Amino acid sequence: MTNNKEQNAYKKAKKRLDEERGFYMHIIIYVVMNIAITIFQYALDGNKDWLIWVITLRPLLWGIGLLCHGLWTFRRNIKWFKNTIYSKQWEERKIMEIMKDDDFKF
């Protein structure tokens, strides 16, 4: 029994580590790619008015995606996130509520 619990704990810890590693890689790629693309756009296109919008919007929109990735990765550490539909407590509460429904009685 203890060995099974340890294996489950190890699997959960490994999954969480993989999620965090993926998020940190996302940050590195975000920074490197935005710097490289900005340099190339300035070098190739010069200083055009429309270029400012492209240079501003790309990191902003990608940054919103990065923020969402970070919130999802660290959802266990964010207090207000624990009471949302993504929390285990909410899931268990809804399962019990649905099971009490007349359609699920045996």
Side-chain angles (χ1 to χ4, degrees):
M1 182 72 130
T2 307
N3 193 21
N4 192 21
K5 284 184 180 181
E6 287 177 8
Q7 286 179 347
N8 287 339
Y10 179 81
K11 286 179 185 178
K12 284 183 180 181
K14 176 78 169 116
K15 182 180 178 193
R16 186 168 178 183
L17 175 67
D18 290 342
E19 286 178 2
E20 288 185 25
R21 182 180 296 139
F23 175 68
Y24 294 135
M25 286 304 299
H26 192 173
I27 289 174
I28 292 168
I29 292 169
Y30 171 80
V31 170
V32 170
M33 290 302 295
N34 278 300
I35 289 171
I37 291 170
T38 302
I39 290 171
F40 287 134
Q41 281 183 329
Y42 267 125
L44 296 176
D45 294 334
N47 193 6
K48 296 181 180 175
D49 292 336
W50 63 269
L51 189 59
I52 301 300
W53 287 103
V54 173
I55 291 172
T56 305
L57 280 177
R58 185 193 54 256
L60 178 69
L61 295 175
W62 193 352
I64 291 170
L66 184 63
L67 173 67
C68 293
H69 187 179
L71 287 173
W72 181 255
T73 301
F74 297 105
R75 64 192 176 275
R76 295 164 198 87
N77 301 341
I78 302 171
K79 208 173 235 186
W80 59 266
F81 209 74
K82 291 181 180 179
N83 296 324
T84 65
I85 62 172
Y86 302 107
S87 70
K88 206 63 162 159
Q89 294 88 357
W90 179 86
E91 184 179 310
E92 292 297 325
R93 192 171 57 244
K94 288 304 282 185
I95 288 172
M96 295 306 286
E97 186 179 305
I98 291 170
M99 285 175 61
K100 287 180 184 177
D101 193 9
D102 290 336
D103 295 339
F104 287 93
K105 293 200 179 188
F106 294 98

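All of these numbers come straight from a predicted model, not from anything done at the bench. For the numbers below, each heavy atom of this structure counts, side chains included, while hydrogens, waters and symmetry mates do not.
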Distance, nearest 0.5 Å, that separates [atom1] of [X] from [atom2] of [Y]:
{"X": "I29", "Y": "N34", "atom1": "CD1", "atom2": "CG", "result": "11.5 Å"}
{"X": "L66", "Y": "L60", "atom1": "CG", "atom2": "CG", "result": "12.0 Å"}
{"X": "Q7", "Y": "K14", "atom1": "CD", "atom2": "NZ", "result": "15.0 Å"}

- [ ] Describe, in one word, how the ring planes of F74 and F23 are oriented to each other, choosing from parallel (under 30°), tilted (30 to 60°) and perpendicular (over 60°).
- [x] perpendicular

- [ ] For the pair W62 and Y30, name the ring-plane relationship: parallel under 30°, tilted 30 to 60°, perpendicular over 60°.
- [x] perpendicular

TODO: Test Y10 against E6 for side-chain contact (heavy atoms from CB on, under 4.5 Å), laying out the working first.
DONE: CA-CA 6 Å; Y10 179 81; E6 287 177 8; over 6 Å; no

Open item on the list: Using the rule that Ile, Leu, Val, Met, Phe, Trp and Tyr join whenever any side-chain heavy atoms are under 4.5 Å apart, tell me whether M33 and I39 fall into a single cluster.
Closed with: yes

Task: Verdict with reasoning, D18 to K15, per salt bridge (charged side-chain N to carboxylate O under 4.0 Å, His left out) - done: CA-CA 5 Å; D18 290 342; K15 182 180 178 193; over 6 Å; no

Open item on the list: Looking at every non-hydrogen atom in both residues, tell me the closest pair between R58 and T38 and how far apart they are.
Closed with: NH2-OG1, 3.1 Å

